[in-house]
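Report on the following structure.
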Protein chains: 2
Amino acid sequence: MNLSKKTDYALRALFTLVEHQGGAPIPIRELARRNEIPRRFLEQIMLQMRAKRWVKSVAGKRGGYLLAKRPEEITMGEVVRFFDGYLAPIACVSARRYERCSQETVCRFRRVLLEARNLIARLMEEATLARVMRGAPVAPSEIFTLQGRDGDGI
Amino acid sequence: MNLSKKTDYALRALFTLVEHQGGAPIPIRELARRNEIPRRFLEQIMLQMRAKRWVKSVAGKRGGYLLAKRPEEITMGEVVRFFDGYLAPIACVSARRYERCSQETVCRFRRVLLEARNLIARLMEEATLARVMRGAPVAPSEIFTLQGRDGDGI
DNA sequence: GTTAATCCCGAGCGCATAAGTCGGATATTC
DNA sequence: GAATATCCGACTTATGCGCTCGGGATTAAC
């Protein structure tokens, strides 16, 4: 999984909308300013998210965008999958872009990549906007005991 | 993390060399044939791995490549990092390509991405060629109880 | 009903990168 | 010295990401 700018921007905008739930619509201009996103580019992104029914728009003066679902109903995994197309690190272990590989039966490391994909998928699918916003762990704690490792740095 | 073809090919070649440890040098032609890799392209890759001292070459007729280290001493993480440059899904949580992001303190989801990065890093760093070859789990079992999830498909 | 702020939509563009090609030099064995 | 390898640098080509742009439709405020 590799986050594109588009997905990054989409998530930023979404979280801003979550923060302002119940309030007035937020115009793209404002979403762009607060998250340092090129306005015209964000426009496209918002349109796609509207088609997905994650957000709804109000046209005209005083218009803007609102969240269209509850923050519990949108996961980071969905967002990444929608914009980037997949979560897996390579096609042969992907649910979305799977394509048979002639080497599959011989491949020594496919198994490891599959494990990686499963971890990520699990993590991202647990990560609803609500949970992430709350700052709560997004997956069962036993995973996260692994975090701090020797000299990893950041 | 997203595996490039280059990294994929590099790993395939490495595992082939592991299988043939102690035997005669394997020429690129053969490595390419067995793993369905464009020969000229693999040439480049092998040269890079030679510079890294993961493999050594024997020039001339009957020449080819040999593993230069024990399979316990090379991890998939190293290989991915070398060819693709990083393991992290986004620069702001990467050890290698870290760059400060002005939104860092406000960013709601950075934390999740950091968790993802840590999981992957851990997994890939545990994955020595030897272990993967053996087919043994590459990381502590508690991680892998998470694997099979509802309707995930592949 | 005019103005101003907004969303909506399609098109296009430039650059970086991945993935692969190629020509030919150099080394080694038989 | 022919055959088989590696070695090296340069080149190519396609794709996609990350934007930018022009202009139309919609609505609120005055």
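Residue numbers begin at 1 in each chain, while the letters A, B, ... track the order of the sequences.
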>> Which residue in the set B:L47, B:I74, B:L17 passes side-chain contact (heavy atoms from CB on, under 4.5 Å) when paired with B:V55?
In response: B:L17
> How far apart are the C-alpha atoms of A:I28 and A:R39, what are their side-chain angles, what is the distance that settles it, and do they pass the side-chain contact (heavy atoms from CB on, under 4.5 Å) test?
Replying inline: CA-CA 7 Å; A:I28 287 184; A:R39 197 186 110 245; 3.8 Å; yes
> Contacts to DNA chain D from residues 24-41 of chain B, heavy-atom cutoff under 4.0 Å, which residues?
Replying inline: B:P27, B:I28, B:R29
>> At a heavy-atom distance below 4.0 Å, which nucleotide of DNA chain D is the first touched by chain A, and which is the last?
In response: D:dG18 to D:dA28
>> Closest-nucleotide mapping onto DNA chain D: is A:K61 or A:S4 further toward the 5' terminus? I mean the 5' end.
In response: A:S4
> DNA chain C: A:G63 or B:G60, which has the more 5' nearest nucleotide?
Replying inline: A:G63
>> Checking B:R81 against B:E125 for the salt bridge (Lys or Arg N to Asp or Glu O under 4.0 Å) test, could you report, in this order, the C-alpha distance in whole Å, the side-chain angles of both residues, the deciding distance, and whether it holds?
In response: CA-CA 10 Å; B:R81 278 218 170 97; B:E125 281 159 11; 3.1 Å; yes
> Is the NZ or CZ atom of A:R108 both under 6.0 Å from the centre of the six-membered ring of B:F15 and within 45° of that ring's axis?
Replying inline: no
> Only one of A:R50, A:K5, A:K6 clears side-chain contact (heavy atoms from CB on, under 4.5 Å) with A:I45; which?
Replying inline: A:K6
> Is it true that a side-chain atom of A:R34 and a backbone atom of A:T16 form a donor plus acceptor pair closer than 3.5 Å?
Replying inline: no
> Is the number of heavy atoms from other residues, nucleotides or ligands under 6.0 Å of B:R97 CZ greater than 12?
Replying inline: yes
>> Mind checking if A:Y9 touches a base, just sugar-phosphate, or nothing, with heavy atoms under 4.0 Å?
In response: sugar-phosphate
>> Distance under 4.0 Å to a non-hydrogen atom of chain B counts as contact; along DNA chain C, which nucleotides mark the start and end?
In response: C:dA19 to C:dT29
> Charged N to carboxylate O under 4.0 angstrom, B:K69 versus B:E78?
Replying inline: no
> Step by step, would you call B:F109 with A:L129 a side-chain contact (heavy atoms from CB on, under 4.5 Å)?
Replying inline: CA-CA 9 Å; B:F109 53 94; A:L129 299 191; over 6 Å; no
